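One structure below.
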Protein chains: 2
Amino acid sequence: MSKDGAGVDLDKSLGYLLKEASTALRIAMEEVLRPLGMTVTHYSCLELLAQRPGMSNSELARGAFVTRQSMNVLLQALERDGYVTRPAEAAVGKVLPAQLTPRGRQSLEEASAAVRAVEVGMLAGMTENEQESAFRALRSMVHSLRDPA
Amino acid sequence: MSKDGAGVDLDKSLGYLLKEASTALRIAMEEVLRPLGMTVTHYSCLELLAQRPGMSNSELARGAFVTRQSMNVLLQALERDGYVTRPAEAAVGKVLPAQLTPRGRQSLEEASAAVRAVEVGMLAGMTENEQESAFRALRSMVHSLRDPA
DNA sequence: CACCATATGTCAGACTTCTGACATGAGCAA
DNA sequence: TTGCTCATGTCAGAAGTCTGACATATGGTG
């Protein structure tokens, strides 16, 4: 019953393993971010804004892999708490470019260090070549999933 | 600003790419499972039960990468809707072994075929060797994340 | 110009998952 | 036996994310 032709053999499925790895990473990140009062999406948003100041709500949503509605909820909270600022109205169109405040930047520094340590730990025991080929493999999977042509 | 020493360069981060790939896979699976009225966790639960009948709620939770509380909510719904059966009381201890009903098995068949197609598509363009090394890389990451020693 | 497809920001409600908590049972050691 | 630790099932409430919907702005095309 455990490996009949109709079923998916989870122990050998790259999809299943992909989810397993992603979950392990998320849990490890939540573990170090929780003491800082931050969720993974919360951190992702700040990190994105540090790299590309002025990103809009929709751009941040795509970068953090959530819907723009979810990002909007988060962004309003970050704005209320003083981590992020947005102009009251759009200069052009409806796009509101977001910026980190000094407080946001400082908060990100602690988080970024913690997250970087998690990623370094994740890659422990892998050679540069192994990391490179894993990178290419994941890129290929993303491309195939998004463009099934 | 986009690549100062303090930040994480998301474009080169394996962690970020891992989340991207996992999200792409989840979205692709949701897309094919939605017409069947099934979520990814819902499907995962049925697939696990097909491979190992008699799994308990907690075992299913670990296998589907959710908490046992979340799996309990789902399992109660699956039981109510006739996809799964559990004994009214435990034969030994508190563990309630779950089983697929014929209806659950039939529902799984359609879903399993759809999900298998998604996974095949995801691996399109990758050689057997590339898949194998990706598998080892992900396994290594999971291990390092769970056991940071 | 008018029209249409696309993208954005936002609100509202529902769904899924999570954390916290409790009681119960198994396993092991003193 | 008693006590301790761990795992399990479950309930309740909170948090995060999602889908659906609407108004608005842009860009291209007739």
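Numbers restart at 1 for each chain; the letters A, B, ... are given by sequence-line order, proteins then strands. Here the structure is a predicted model, which means the values were calculated and not measured.
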statement: Expected string for nucleotides 10-18 of chain D under the B/S/- scheme (protein heavy atoms, under 4.0 Å, primed atoms plus P, OP1, OP2 as sugar-phosphate) is BB----SSB
Could you state the [atom1]-[atom2] distance from [X] to [N], rounded to the nearest angstrom?
X	N	atom1	atom2	answer
B/E31	D/dT19	CD	C1'	15 Å
B/L60	C/dT17	CG	P	13 Å
B/M55	D/dT8	CE	P	11 Å

Extract all donor-acceptor atom pairs below 3.5 Å that involve side chains of residues 77-84 of chain A and protein atoms in other chains or at least two apart in sequence.
{"residue": "A/E79", "atom": "OE1", "partner": "A/R86", "partner atom": "NE", "Å": "3.4"}
{"residue": "A/E79", "atom": "OE1", "partner": "A/R86", "partner atom": "NH2", "Å": "3.4"}
{"residue": "A/E79", "atom": "OE2", "partner": "A/R86", "partner atom": "N", "Å": "3.4"}

- prompt: Going by atom types alone, do A/E47 and A/S112 pair a side-chain donor with an acceptor below 3.5 Å?
  reply: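 There is such a pair (donor and acceptor under 3.5 Å, judged by atom type) between the side chains of A/E47 and A/S112.
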task: Give a yes or no answer on whether the side chain of B/S44 reaches the backbone of B/V40 with a donor-acceptor pair at less than 3.5 Å.
output: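 It does hold such a pair.
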field: A/R105/A/E109 ion pair, N-O < 4.0 Å
entry: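 So A/R105 does not pair with A/E109 through a salt bridge.
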query: Hey, does the side-chain of A/K94 have a donor or acceptor N/O within less than 3.5 Å of a partner on the base of D/dA23?
result: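 Yes, the side chain and the base share a sub-3.5 Å donor-acceptor pair.
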- prompt: Is it the case that more than 12 heavy atoms not belonging to A/Q99 sit under 6.0 Å from its CD atom?
  reply: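 Yes.
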- request: Kindly write out the residues that satisfy side chain to side chain donor-acceptor pair (under 3.5 Å) with B/R139, not counting sequence neighbours, or none if the list is empty.
  value: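 So B/R139 forms no side chain to side chain donor-acceptor pair (under 3.5 Å) with any residue.
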